[in-house]
Amino acid sequence: MTKDHGPKPDDIDPYERQLLPPDGNFDNLVSNWRRVNSRLTIFLGAGASVGAKNRAGQLLPSALRLRDEIWLEFMCNDEERRAFGPNTLGMMTLEHAAALAEARAGRGAIEEYLTARFDCTRPLWQHAVLPFLGPKALFTTNYDELIEKGWRLQIGQPKTEEIFLRHNAAHLDSPAPRMSLFKPHGTMELAARQIGQGGLVITMFDYFRMIGDYKGMIERFLSDFNQSCVLFIGYAFMDMDIGAELFRLRQDRKIPWYAVFPRDDADVRRMYEQKFGILQINRRSLDFLVELDDRVDFIADKKWKFDQLSNLRGAGLIQ
């Protein structure tokens with residue numbers, strides 16, 4: 001039985017293809033495509049941003065790397081930095097480390113650090129082709145604005161409306177037509193706002209403030225959820241509050257849900273299917289989108305096909 005439990009690298013080339021064997025759950029999605037492609041809602045996690053670089057040329061960090069970076073930046077003296085290693089913080093979570101850093105350095109310092117760390121000038125190809133999937137709504141736990149920047153590149157394409165940001169469960173009437181993008185953990189452009197209004201959810205106390213809002217927000221995101229096909233890309237269900245709500249909704253669905261992340265492990269696959277009713281597809285976001293387009297031809301504009309990558313990068317449209 002395949003075992004694949006270790007952490008995945010986040011210092012990778014975002015466009016390096018990884019050729020993997022056929023995946024039965026991927027085949028299932030393709031066979032259902034004509035029934036689900038008009039019912040997609042897309043949920044993106046940190047894995048969807050792996051390989052992207054910020055303005056300073058730094059790769060965007062995973063949660064574990066961000067925990068270590070915050071600790072080194074705010075909690076260590078020079079001697080402690082030199083002695084810091086992969087096991088220094090043990091099982092400490094990012095949320096706990098950030099709370100301690102906030103107590104020492106203040107909220108403003110944390111916000112400034114995160115804003116600079118996640119500020120990207122251009123999206124990845126993966127974000128720029130999302131509009132061609134025609135989702136009913138988008139949801140992300142990421143601070144970066146890669147989705148928004150990629151989406152703006154396709155405004156003017158058929159059925160691609162402007163994005164309308166939502167940060168809480170409040171019913172806000174958007175100017176129609178607009179594509180709702182739910183960002184409950186906030187966005188870097190609004191980092192200094194209150195939690196639930198675009199401010200960054202990073203400490204455990206921020207999560208405490210938001211926990212009561214997730215139920216309503218996910219219900220809005222998954223309006224008619226039992227008739228929606230949710231496609232999770234790069235999301236590992238580690239947020240207990242969000243995961244609990246998705247778990248609650250699992251029994252009433254009538255359409256398959258799919259989760260795309262690189263994990264070749266039979267136990268992981270079985271757990272997601274049995275506990276969440278979700279079919280896991282063992283692919284990185286890049287490989288998934290390239291292969292999906294190869295199989296169902298969802299990218300309508302040929303200049304945005306993956307084989308045009310060098311032209312798109314040369315034109316300065318994507319990283």
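The figures here come from the full heavy-atom set of this structure, side chains too, leaving out hydrogens, waters and symmetry mates.
In this structure, Asp68 does not pair ionically with Arg65, as no charged nitrogen and carboxylate oxygen lie closer than 4.0 Å. A salt bridge does not link Lys302 to Asp307: none of the charged nitrogens lies less than 4.0 Å from a carboxylate oxygen. Ion pair Glu148/Lys183 flagged as a salt bridge, since at least one NZ, NE, NH1 or NH2 atom sits closer than 4.0 Å to an Asp/Glu carboxylate oxygen. Using a 4.0 Å cut-off between a side-chain N of Lys or Arg and a carboxylate O of Asp or Glu, Glu161 and Arg178 do not qualify as a salt bridge.
Residues Arg39 and Ile255 come closest through the heavy atom pair NH1-CD1, 3.1 Å. The shortest heavy-atom contact between Arg67 and Gly90 is NH1-O, 3.2 Å. When all heavy atoms of Pro135 and Met179 are compared, the pair lying nearest together is O-CE, 2.7 Å.
With a 6.0 Å cutoff to the six-membered ring centre and a 45° limit on the axis angle, Arg295 counts as a cation-pi contact of Phe26.
Panel note: side chain Arg284, backbone Glu16; a donor-acceptor pair is recorded below 3.5 Å. In this structure, the side chain of Asp287 engages the main chain of Gln18 through a donor-acceptor pair within 3.5 Å.
In this structure, Ile299 is a member of the same hydrophobic cluster as Trp33, with clusters built from ILVMFWY side-chain heavy atoms closer than 4.5 Å. Transitive grouping of hydrophobic side chains (ILVMFWY, heavy atoms separated by less than 4.5 Å) brings Leu279 and Leu29 into a common cluster. Under a hydrophobic-cluster definition in which Ile, Leu, Val, Met, Phe, Trp and Tyr are linked whenever side-chain heavy atoms come within less than 4.5 Å, directly or via other members, Ile42 and Leu153 are assigned to the same cluster.
The OG1 atom of Thr41 sits 11.5 Å away from atom CG of Leu133, with the distance rounded to the nearest 0.5 Å. To the nearest 0.5 angstrom, Thr187 atom OG1 is 8.0 Å from Leu181 atom CG.
No donor-acceptor contact under 3.5 angstrom links the side chains of Asn25 and Tyr272, judged on distance only. There is a side-chain donor-acceptor pair under 3.5 Å between Thr203 and Asp206.
Aromatic ring orientation, Phe232 versus Phe43: tilted (interplanar angle from 30° to 60°).
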